[in-house]
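Scroll down for the structure; my scribbles are underneath it.
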Amino acid sequence: MAAILQRTVLAVTLALTSALPLRAQYPAQDSTYKKFFVGSTLFMLANLVPDNNPPEMLSLNLGYRMTGQDVISVELKTWKYGWPIGIPYGKSFEADGQGFPGSVREYGVSLPRFFYGQPGLHFGYNF
C-alpha cells in the first residue's frame with residue numbers, strides 16, 4: 001500500500017513540475033514583479049509519504065532580485081537521517097543487527113547566487 005502511495009505522489013509531483021512552465025519575472029511582462037521573494041522546494045513533499053523514516057525536511061528560501069537576471073538568496077534547511085548511509089538494501093535492509101540507535105538531525109544555511117542568461121539557461125553557485 002505504501003509503495004502505491006509513493007508512486008502516486010511521485011507521479012503527481014512529476015506531472016505538476018513538467019506541466020508548469022517556469023519563467024523569470026520581469027517588470028515589463030508581469031504586474032506582480034517583486035524584488036523580494038520567499039520560496040521552498042518540492043522535496044518537502046517527501047514528508048507526506050507514509051514511511052517509518054520520514055526525512056522531516058524543512059526548507060525556506062528568502063531571496064532578492066538585484067536585477068532581472070541576478071538573484072541572491074538565503075536558504076535555511078533542516079533534515080533528519082533515520083539511519084546512516086551504507087545500510088544495505090534488500091532482505092537485510094531493516095534486519096535485526098542492522099539497527100541504528102537513533103537519528104541524526106542536520107541544519108544548513110546556504111547563500112546561493114543565480115545568473116539567468118538566455119531563456120532556459122542559468123548559472124548558480126553556493127557559498
Side-chain angles (χ1 to χ4, degrees):
M1 183 67 177
I4 294 171
L5 185 58
Q6 286 176 339
R7 288 186 198 137
T8 304
V9 168
L10 179 63
V12 168
T13 302
L14 289 175
L16 287 175
T17 57
S18 63
L20 299 173
L22 301 176
R23 302 188 190 278
Q25 293 179 333
Y26 296 103
Q29 298 173 341
D30 192 351
S31 63
T32 62
Y33 178 83
K34 304 285 186 221
K35 282 284 207 186
F36 296 93
F37 62 90
V38 176
S40 190
T41 177
L42 284 174
F43 288 118
M44 286 181 37
L45 292 176
N47 293 327
L48 302 175
V49 175
D51 190 11
N52 62 348
N53 182 29
E56 296 180 15
M57 179 183 177
L58 299 174
S59 176
L60 179 65
N61 184 336
L62 307 168
Y64 174 72
R65 288 184 183 88
M66 297 182 293
T67 67
Q69 295 180 326
D70 296 322
V71 173
I72 191 163
S73 64
V74 175
E75 293 181 358
L76 307 170
K77 300 177 184 179
T78 182
W79 60 94
K80 181 185 87 169
Y81 296 110
W83 46 71
I85 298 174
I87 296 271
Y89 287 104
K91 62 184 177 182
S92 62
F93 179 60
E94 292 181 342
D96 292 332
Q98 297 291 330
F100 182 63
S103 62
V104 177
R105 167 69 61 187
E106 293 288 336
Y107 299 93
V109 177
S110 177
L111 298 171
R113 172 103 188 254
F114 294 101
F115 303 98
Y116 296 92
Q118 300 295 322
L121 255 136
H122 75 276
F123 171 76
Y125 60 90
N126 286 300
F127 294 105

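Side-chain atoms are counted along with the backbone in the values below, which use heavy atoms only and exclude waters and symmetry mates. Position 1 is the first residue of the sequence, and the numbers go up from there.
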Partner set under side chain to side chain contact (heavy atoms under 4.5 Å, CB included) for [X], not counting sequence neighbours:
| X | value |
| --- | --- |
| Thr78 | Leu58, Arg105, Tyr107 |
| Phe115 | Asp70, Arg113, Phe123, Tyr125 |
| Pro112 | Ser73, Glu75, Ser110, Phe114, Asn126 |

Could you list the residues that satisfy side-chain hydrogen bond (donor to acceptor under 3.5 Å, both in side chains) with Ser40, not counting sequence neighbours? none
According to a hydrophobic-cluster definition based on side-chain heavy atoms being under 4.5 Å apart (Ile, Leu, Val, Met, Phe, Trp, Tyr only), do Leu76 and Trp79 belong together? no
Identify the heavy atoms of Ser59 and Met44 that sit nearest to each other, and give their distance. N-SD, 3.3 Å
About how many Å separate CZ of Phe37 and CG of Leu62, when rounded to the nearest 0.5 Å? 8.5 Å
Who are the ring-ring contact (aromatic ring centres under 6.0 Å, His included) partners of Tyr64, not counting sequence neighbours? Phe36
A side-chain contact here means heavy atoms from C-beta on lying under 4.5 Å apart; do Leu111 and Ile72 qualify? no
Is there a donor-acceptor contact under 3.5 Å from the side chain of Asn47 to the main chain of Glu56? yes
Just by distance, do the side chain of Lys80 and the backbone of Met57 share a donor-acceptor pair under 3.5 Å? no
